[in-house]
Protein chains: 2
Amino acid sequence: MGCFQSIEEAKFAETGFSYTLSLINGKYKMTILYCLFEFEVVRFNELKRYISTISYKTLSSSLKELEADGLVVRTEYPQIPPKVEYRLSERGTSLIPILDALCEWGDRHRDDGPTCAASNK
Amino acid sequence: MGCFQSIEEAKFAETGFSYTLSLINGKYKMTILYCLFEFEVVRFNELKRYISTISYKTLSSSLKELEADGLVVRTEYPQIPPKVEYRLSERGTSLIPILDALCEWGDRHRDDGPTCAASNK
DNA sequence: CTGTATCCATTTCGATACTG
DNA sequence: CAGTATCGAAATGGATACAG
């Protein structure tokens, strides 16, 4: 509420709303965040297995962006074979309640029947 | 929490999480929802002015999908010139608290400094 | 194991002109 | 006013091969 006082001026680009969206855009970013929340510390290929439909390229670039945005922490162990762990930062963790809310909303409204559009109010 | 018990099986497609995401995908859908929440009853070109960067095509297709998903109610007044009003359905309104949360999160974390990724945990 | 590079397919978005 | 149609641009995502 009130977050959109300036909506008339189309200043979306400067609202916290659009800022948050810019961090979680991309087909799999929220899924990755949720995965890291559930499993806490996860390696690259482990993540790939959890999110089986993601491609290496997308996983790689998404992780890089999430890291750059401070939502994910990447820890590299310089050894052979390489070992890299990913987990949520505090900042990233603070986003989880919102993802949870999305989850719950979906569970509660999945069977509302999407065709209730006709029931005018 | 617990919404992702089955994440190991990569059953994202069946979670409420991905269901919700499928409703609010697209560059402007959440913005449109928020706009309708702020202004309650809005006409097509009015919306276009509020969200100045959206194209007619995207606005049109987004509204159509939001309506099909039961989040938005479209009311047409058969007159010349035509008049059409859009507003949130109850279902759509129930999504607003989540959008608000996104908004607040962004406002609070905008200045965390996105480069805090290095501060391991 | 943890990625990157390349190339390609698909999806999404936008500008403009036009219709009822 | 409220859109649609068309075309093209751009972003996104995927498959595969390869590198350190």
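Here is the naming used below: chain letters follow the sequence lines, and residue numbers restart at 1 for every chain. This is a predicted model, so every value here is computed, not measured.
Spacing between atom CG of B/N25 and atom P of D/dG13 amounts to 12 Å, rounded to whole angstrom units. In this structure, B/Q79 places its CD atom 19 Å from P of C/dG20, rounding to the nearest Å. Straight-line distance from the CD atom of A/E76 to the C1' atom of C/dT4: 14 Å, rounded to whole Å. What separates CD1 of B/I80 from P of D/dG3 is a distance of 13 Å, to the nearest Å. Taking atom CD1 on B/I32 and atom P on C/dT12, their separation rounds to 14 Å, with Å as the unit. Atom NZ of B/K48 and atom P of C/dG14 are 9 Å apart (whole Å). Atom CD1 in A/I24 sits about 14 Å away from atom P in D/dT12, given to the nearest Å. In this structure, the CD1 atom of A/I54 is 17 Å from the P atom of D/dT16, given to the nearest Å.
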- Check against side-chain contact (heavy atoms from CB on, under 4.5 Å), A/L63 and A/I32: CA-CA 8 Å; A/L63 282 171; A/I32 291 172; 4.0 Å; yes
- Message: Could you go through B/L95 and A/W105, starting from their C-alpha distance and side-chain angles, then the distance that decides it, and tell me whether this counts as side-chain contact (heavy atoms from CB on, under 4.5 Å)?
- Response: CA-CA 8 Å; B/L95 213 39; A/W105 191 95; 3.4 Å; yes
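As judged by a 4.0 angstrom heavy-atom cut-off over every strand, A/Y86 is placed among residues touching the sugar-phosphate backbone only.
Close to C/dT11, at under 4.0 Å from its OP1 or OP2, lies no side-chain N or O of A/K27. In this model, the phosphate group of D/dT4 is approached by a side-chain N or O of B/S60 to a distance below 4.0 Å at OP1 or OP2. Put simply, A/S55 has no side-chain N or O that comes within less than 4.0 Å of OP1 or OP2 on D/dG13. At D/dG3, none of the side-chain N or O atoms of B/K57 fall inside 4.0 Å of OP1 or OP2 (strictly under the cut-off). In this structure, B/R74 reaches the D/dG3 phosphate: one of its side-chain N or O atoms is under 4.0 Å from OP1 or OP2. At the phosphate of D/dT4, OP1 or OP2 sits under 4.0 Å from a side-chain N or O atom of B/K64. Taking side-chain N and O atoms only, B/Y56 has no distance below 4.0 Å to OP1 or OP2 of C/dT19.
The side chain of A/N45 lies closest to C/dC1 when the candidates are C/dC1, C/dT4, D/dG3. Checking C/dT4, C/dC1, D/dG14 against every side-chain atom of A/R43, the shortest atom distance belongs to C/dC1. Nearest nucleotide to the B/T58 side chain, out of D/dG3, C/dC13, C/dC1: C/dC13.
Residues A/Y34 and A/E38 bring no donor and acceptor atom of their side chains to less than 3.5 Å of each other.
Of the charged side-chain nitrogens involved, none lies within less than 4.0 Å of a carboxylate oxygen, so that A/E85 and A/R74 do not count as a salt-bridged pair.
Residue B/L36 forms a side chain to side chain contact (heavy atoms under 4.5 Å, CB included) with just one option from B/L66, B/V41, B/L88, and that option is B/L88.
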